[in-house]
Amino acid sequence: MFELFDISKEEQESILKQVRRVLSGYRQLKRTYQLAMPQAHTQQYDTIASSKSSQPRHESPELMRYLELGKKVADIEQVVSEVENSEYIKNKYMITDKLNQWQLADLSGYSETQYKVKLRKALLEFAVSYGIFDITQFSFKADYIDISRA
């Protein structure tokens, strides 16, 4: 994917490091989100809403934290679902059971080398979709384009 752009190996590794940090924290983030479910009696309101247009003036900190965590989890899950080969990311970072690299490669039906290449491409695609990497900052390179008529 990034072979078409002037991006050095160091820049690619930096991007992959950021992506891995986001995805590695996903399991913990999801667990925290599930445990942060506020109880109904902890929500405090200054006034009781009497119509559809009136809004409560005070939200509990627990509810706000829960909503923020939910947004983060939903954002990551949505971006992963948009990635072409999302099953590589899901198996590596999102399922609750941690598997070894060879087990993940075996699940995919590819050799470990091919699995790593496909996972790397999926991670780089995630970086673009999630906003870690802005592809517009780099120039497109085309050394040779062959156009023939059929």
Side-chain angles (χ1 to χ4, degrees), residues 1-45 49 55-56 58-148 150:
M1 174 182 176
F2 285 101
E3 295 83 22
L4 298 175
F5 295 91
D6 291 323
I7 300 174
S8 68
K9 287 285 186 188
E10 294 80 24
E11 290 170 320
Q12 286 185 26
E13 291 304 319
S14 172
I15 293 165
L16 288 173
K17 184 177 180 180
Q18 292 174 21
V19 169
R20 288 181 183 119
R21 189 177 312 127
V22 168
L23 291 172
S24 294
Y26 172 80
R27 284 188 193 111
Q28 182 64 34
L29 184 67
K30 178 110 180 190
R31 178 85 173 137
T32 304
Y33 171 64
Q34 292 170 341
L35 294 174
M37 178 66 175
Q39 302 299 321
H41 67 277
T42 63
Q43 298 178 16
Q44 301 170 0
Y45 299 100
Q55 297 288 326
H58 184 312
E59 297 288 338
S60 70
E62 294 86 11
L63 178 62
M64 296 306 293
R65 177 170 163 72
Y66 177 75
L67 294 174
E68 289 172 4
L69 290 171
K71 180 166 176 21
K72 289 179 184 178
V73 168
D75 288 346
I76 291 172
E77 289 174 347
Q78 179 184 0
V79 171
V80 167
S81 69
E82 294 172 359
V83 172
E84 185 177 336
N85 290 321
S86 63
E87 67 273 3
Y88 297 109
I89 294 175
K90 288 176 184 176
N91 288 337
K92 175 91 174 159
Y93 295 103
M94 299 181 87
I95 60 172
T96 56
D97 298 331
K98 290 186 179 181
L99 300 174
N100 293 326
Q101 187 79 21
W102 66 269
Q103 291 171 318
L104 292 169
D106 192 44
L107 278 175
S108 69
Y110 293 105
S111 69
E112 283 188 60
T113 305
Q114 289 175 327
Y115 172 80
K116 287 179 186 178
V117 168
K118 291 185 180 295
L119 176 63
R120 184 180 180 98
K121 286 181 181 179
L123 292 175
L124 290 172
E125 189 176 336
F126 176 87
V128 172
S129 297
Y130 194 68
I132 293 173
F133 175 70
D134 184 12
I135 208 162
T136 61
Q137 296 176 354
F138 295 89
S139 62
F140 180 75
K141 68 176 183 179
D143 295 332
Y144 177 73
I145 298 175
D146 184 21
I147 301 174
S148 62

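Just so it is clear, the model here is predicted, and its values are computed rather than measured. Values below: every heavy atom of this structure, side chains too, minus hydrogens, waters and symmetry copies. For this chain, numbers begin at 1 and follow the sequence in order.
- Thr32 is linked by a side chain to side chain contact (heavy atoms under 4.5 Å, CB included) to Gln28, Arg65, Leu69, counting only residues two or more places apart in sequence or in another chain.
- In this view, Ser14 and Gln18 satisfy the side chain to side chain contact (heavy atoms under 4.5 Å, CB included) rule, not counting sequence neighbours.
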Worksheet item: Between Val80 and Met94, does a side chain to side chain contact (heavy atoms under 4.5 Å, CB included) hold up when you go through it step by step?
Response: CA-CA 10 Å; Val80 167; Met94 299 181 87; 3.7 Å; yes
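- The side-chain hydrogen bond (donor to acceptor under 3.5 Å, both in side chains) search around Lys92 returns Gln101, not counting sequence neighbours.
- Not one N or O on the side chain of Ser24 forms a donor-acceptor pair closer than 3.5 Å with the backbone of Arg21.
- Listed by chain and number, the residues in a side chain to side chain contact (heavy atoms under 4.5 Å, CB included) with Val79 are Phe126, Ser129, Tyr130 (sequence neighbours excluded).
- Residues in residues 79-114 take part in these ring-ring contact (aromatic ring centres under 6.0 Å, His included) pairs, two or more places apart or across chains: Tyr88-Tyr115.
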| message | Does Leu123 form a side chain to side chain contact (heavy atoms under 4.5 Å, CB included) with Leu23? I'd like the steps, not just the answer. | response | CA-CA 9 Å; Leu123 292 175; Leu23 291 172; 3.5 Å; yes
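- For Lys71, the salt bridge (charged side-chain N to carboxylate O under 4.0 Å, His left out) criterion is met by Asp75, not counting sequence neighbours.
- Residue pairs meeting the salt bridge (Lys or Arg N to Asp or Glu O under 4.0 Å) criterion with at least one member in residues 25-35, sequence neighbours excluded: Lys30-Glu77.
- Residues that satisfy the ring-ring contact (aromatic ring centres under 6.0 Å, His included) test with Tyr26, not counting sequence neighbours, are absent from this structure.
- Listed by chain and number, the residues in a side-chain hydrogen bond (donor to acceptor under 3.5 Å, both in side chains) with Arg20 amount to none (sequence neighbours excluded).
- Between Asn91 and Leu99, the closest side-chain pair of non-hydrogen atoms is not below 4.5 Å.
- Residues passing the side-chain hydrogen bond (donor to acceptor under 3.5 Å, both in side chains) test with Glu82 are Gln78, sequence neighbours excluded.
- Between Ile76 and Leu29, some side-chain heavy-atom pair lies under the 4.5 Å cut-off.
- Remark: Glu10 engages no residue in a salt bridge (charged side-chain N to carboxylate O under 4.0 Å, His left out) (not counting sequence neighbours).
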